[in-house]
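Taking it in order: structure first as C-alpha cells, then the write-up.
So that the names make sense, note that chain A is the first sequence line, chain B the second, and so on, each numbered from 1.
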Amino acid sequence: MVAFVISRLLQALPVLLAVALISFALFTFVGDPVAAMLSQDASAADRTALVHLLGLDQPWYVQFGKFVGNAVQGEFGLSYRLSRPVSTLIAERAPATLELAFCAAAMTLCIGVPLGIFTGIYKDSWVSRLLLTISLVGVSLPIFVLGMLLILVFAVNLGWLPSFGRGETVQIGWWSTGLLTASGLKALILPAITLAVFQLTLITRLVRAEMLEVLRTDYIKFARARGLTNRSINFGHALKNTLVPVITIAGLQLGGIIAFAIVTETVFQWPGMGFLFIQSVGAADIPVMAAYLLLIALVFVVINLAVDLLYYLVDPRLRAKR
Amino acid sequence: MLLEVKDLRVEFPTRRGVLTALNGVSFSIAPGEVLGVVGESGAGKSMTGAAIIGLLEPPGRIAGGEIRLEGERIDNLPYEKMRRIRGKRIGAIFQDPLTTLNPLYTVGRQLVETMQAHLPLSDAEARQRAIGWLEQVGIPAAAQRIDAYPHQFSGGMRQRVVIALALCAEPQLIVADEPTTALDVSIQAQIIALLKRLAREQRTAIMLVTHDMGVIAETADRVAVMYAGRIIEIGPVRQVVRHAQHPYTAGLMASIPPLDRRVERLAQIDGAMPRLNAIPPGCPFSPRCPEVFERCRVARPELMPAGATDAACWLHDQPGAPA
Ligand SMILES: Nc1ncnc2c1ncn2[C@@H]1O[C@H](COP(=O)(O)OP(=O)(O)OP(=O)(O)O)[C@@H](O)[C@H]1O
Ligand code: SF4
Ligand SMILES: [Mg+2]
C-alpha cells in the first residue's frame, strides 16, 4: 500500500517537472522582469548588476534548478504587480477558491449521482427524458452566460442575492471562511450554482450511461434470476460496479472545478485564486502565474492519487495478491 | 406436473413489425425430471428459459399462452411476486461463469444474500450454509475460499459457485442454459455430473439447454427439439435419439458420433433455419426437408403422436384425423 503510494508519486514527478519547466519558461519568454524593475534612466551598469543579483546571467538549467528548489519550499518571489510575496497572496486567496470549489463539488455529487441513478434505472419514464433534455441545456450553456443570467435574475431583478464578492468572512487562523456568516453564505450560492451546473449535468449523464451499461451485464441478470430485491440489485450490485469509472471522472471534475473557477470567479469577482490569476495575466505578473500553474498541476496530481487509492478500495481485482 | 408450458408465444415488437420468437410452445416437466432442450442457434431455447423465469428482455413479451408452476400461473405475476419465485422455486444457471458472478462481491456474500432473500436465516446460519454449499459443489477448502472474490477462481470453479448459487435456496426447478458451453472441454463432464448428482439428491428438476447430444443422451430423461421458435419433437430420450420421428431430428441424430465421443456442435443439415420474419407458411422445416410433400407447404403441422414421441410432421398424421 505504502509502496503503491510512493510509486504513484514518483510517476507524478515528471508531470510536475514538465509544468515547472513551462512556468519557468514564462519568465524567459514573456516580458522582461529586469526592464520592469529598473527605472527609466538606469545605466547599463545598473542593469548588469541587477541581472547578476537576480541570477539571470547563469545558465538556464542552474536557474531552473533554483526555481524548482524555491518552488518546493513554496517560494515564488515577489509579485511584480503587488510587490508582495506570491506565497502570501496565494494563501490569502486559496480559501475563497477552495470553499467555492468544494460547495460546487458537493452539489455536483449530491444531486448529479442520484439523478444519474434514477435516469438509469427508469430510463423510459418521462421524468428521465425531461431531466436528460434539461441536462443537455446545462452541458451546452457557457459558464459565463449562465453566471450572467443568474446575476440578472437573482441579483438585479429580484435583488435576493449579491452579484459579486464574498460577503463577510471570519478568520480562523490563516483561513478566512465565508461559511459562517449569513452574507457569506448568500454570496456563495450563485457562484457555486454557476460552477456546479456543467459538472452536474456531466456526472448525471455519466452515471446514467454507466448504470445502463451495468444493468445489461450477465451478473445483474443472474442477480435477478437469484430473486434478489430490486433495491439490492440497483443500489448494491449495479451502483457499486458503476463506481470505478464514476470516481475517475468525479476526481477529474474536482480538479476541473478548481481550475475552471477562473471564469466563475471573474464573473462574480470572487476573491479567489482564479480571479488573482486573471488579474495577473492582465498585468503580466509572471511569478503569480507560474505559482498558480504549478499549484493547479499539484492539485491534479493529488486528486489522481486519491482516485487510484479509491479504486483500490472498490475493486478487489486491483488489490495486490500475495 | 411441476411445470406446464402451454401454447407459449413470445413477441418482440420492432420498428419493422412484430417478430414472433416463440410460437405455440407446449411442454411439461415432472418433479425431479431432466428435460433436455436442443436445436440450432436461434431456435428459441434461451428465450423459452427466459420466459419461464420471467426475465425476457424488453421489448420481448409473453403475448399468449400460459406457464404454470405446480398448477399456479406464473407468467402474469407482478414483479415482486415473481421475484419471490426466482431463486426460491426456479433457479437459473447461465452460460458463462466468467460473467455471471458480480466481480466486486465475495462468493460468500453472494451466496448469503441469495439465501437471505428467500429464507429466514441469520447471518451466521447463512454463512454456515454457504460454506456447506461450497463443499457440496466441490470447492476445496470452502471455509477459506468463501471470502474469495470470483476472479480468484478458475472458470470451472466459478461454474461450481454458480451452481451453488442456483441451488442454495433449494428450488424445485433449474433452468440451465448451456451450463458448460463456455468451459474447457476437460471439465464439462465434471460439471454436468455434479449438476446431475445434486439435482437427484435435492429432487430438483432441470431444463437443460445444450448443444451437446452426448450430454443429453447421458443426462436427460426426455428431450425437446426446437426449430424456428417451435418444439418440433418431444419424447423420452432413448426414443428421440434412436428412433427420431421428425425428419429434422433424424438429421440431427444421424450426425452424432458414437456415445463414447462427444461433439461440440450439432452437425449441419443442408440449408439454414429461416429468420423469424421469413418463416415459410406450412411446415417451417419444409425448405430443407428431404421428405417434403405438397401438404407441408400449405398447412402447419402441430405436435402429434408419432411412434413413442410427439412430432410436428405431417408424415405422422393418422388417416382420418382432421387436417
Ligand atoms: N431483442 C431481440 N429482438 C428481436 N429478436 C430477438 C431478440 N433477442 C433474441 N431474438 C431472436 O429470438 C430468437 C431466439 O433466440 P434464442 O436466444 O432463444 O436462441 P437459442 O435457441 O438460445 O440460440 P443459441 O443456441 O444461439 O443460444 C432468435 O432468432 C433471435 O434472433
Ligand atoms: S411436415 Fe413435411 S416438411 Fe415438415 S418435417 Fe414433416 S415431412 Fe418435412
Ligand atoms: Mg441460447
Side-chain angles (χ1 to χ4, degrees), chain A residues 113 117 119-126 128-129 207-208 210-248 250 307-322, chain B residues 46 49-50 52-59 79-106 109-111 113-119 147-152 158 161-162 164-169 171 174-177 182:
Chain A
V113 172
I117 297 174
T119 51
I121 296 174
Y122 303 102
K123 63 176 194 290
D124 296 322
S125 90
W126 64 269
S128 298
R129 282 165 209 240
V207 172
R208 178 187 120 93
E210 283 302 324
M211 221 37 204
L212 288 178
E213 182 84 29
V214 168
L215 286 174
R216 269 199 298 271
T217 59
D218 281 353
Y219 56 82
I220 293 297
K221 278 182 217 156
F222 189 53
R224 290 197 198 290
R226 287 189 276 145
L228 303 187
T229 60
N230 264 339
R231 196 188 141 87
S232 98
I233 290 173
N234 289 334
F235 296 98
H237 291 255
L239 185 58
K240 195 163 181 200
N241 274 283
T242 65
L243 277 185
V244 166
V246 168
I247 288 172
T248 319
V307 163
D308 284 341
L309 287 177
L310 282 174
Y311 278 1
Y312 211 73
L313 289 180
V314 170
D315 196 333
R317 285 165 296 188
L318 300 178
R319 265 172 243 158
K321 276 179 282 176
R322 277 136 295 178
Chain B
S46 299
I52 291 169
I53 55 178
L55 289 177
L56 281 174
E57 296 219 13
Y79 186 91
E80 177 59 21
K81 281 208 167 141
M82 193 59 202
R83 176 190 77 72
R84 287 171 202 272
I85 290 178
R86 280 196 288 269
K88 175 92 181 84
R89 297 177 63 195
I90 306 179
I93 297 173
F94 291 175
Q95 179 170 341
D96 187 355
L98 300 188
T99 57
T100 35
L101 295 171
N102 186 338
L104 302 187
Y105 288 159
T106 62
R109 167 154 186 196
Q110 300 188 48
L111 277 162
E113 69 181 354
T114 308
M115 285 185 275
Q116 288 186 331
H118 301 294
L119 309 168
D147 292 318
Y149 289 92
H151 73 273
Q152 295 165 313
R158 282 195 228 186
V161 173
V162 170
L165 279 164
L167 285 168
C168 68
I174 288 201
V175 177
D177 193 351

| said: Report which part of B:L104 has an atom under 4.5 Å of a heavy atom belonging to chain A: side chain, backbone, both, or neither. | reply: both
| Rounded distance [0.5 Å steps], OG1 in A:T229 versus CD in B:Q116 | 11.5 Å
| N-O pairing of A:K221 and B:E57 below 4.0 Å | yes
| What are the two closest heavy atoms between A:F222 and B:T100, and how far apart are they? | CD2-O, 3.2 Å
| query | With distance as the sole test, does B:R86 use its side chain to make a donor-acceptor pair with the main-chain N or O of A:R224 at under 3.5 Å? | reply | yes
| task | Grab the two heavy atoms, one from B:F94 and one from A:A225, that are nearest each other, plus how far apart they are. | result | CZ-CB, 4.1 Å
| request: Examine distances only and state if a side-chain atom of B:R83 and a backbone atom of A:G227 form a donor-acceptor pair shorter than 3.5 Å. | output: yes
| Max heavy-atom pair count under 4.5 Å with chain A, selected residue of B:A117, B:P103, B:G91 | B:P103
| request: Report the distance from atom CG of A:D315 to atom OH of B:Y149, rounding to the nearest 0.5 Å. | output: 9.0 Å
| said: Is B:I85 in contact with chain A via its backbone, its side chain, both, or neither, using a 4.5 Å heavy-atom distance? | reply: neither
| Validation row: B:T99, A:T217 side chains within 4.5 angstrom (heavy atoms) | no
| task | Tell me, for B:V175 versus chain A, whether the close heavy atoms (under 4.5 Å) come from the side chain, the backbone, both or neither. | result | neither
| note | Heavy atoms of A:L228 and B:T114 approach each other most closely as CD2-CA, 3.9 Å
| field | Shortest non-hydrogen contact between B:N102 and A:Y219, atoms and distance | value | N-CB, 3.7 Å
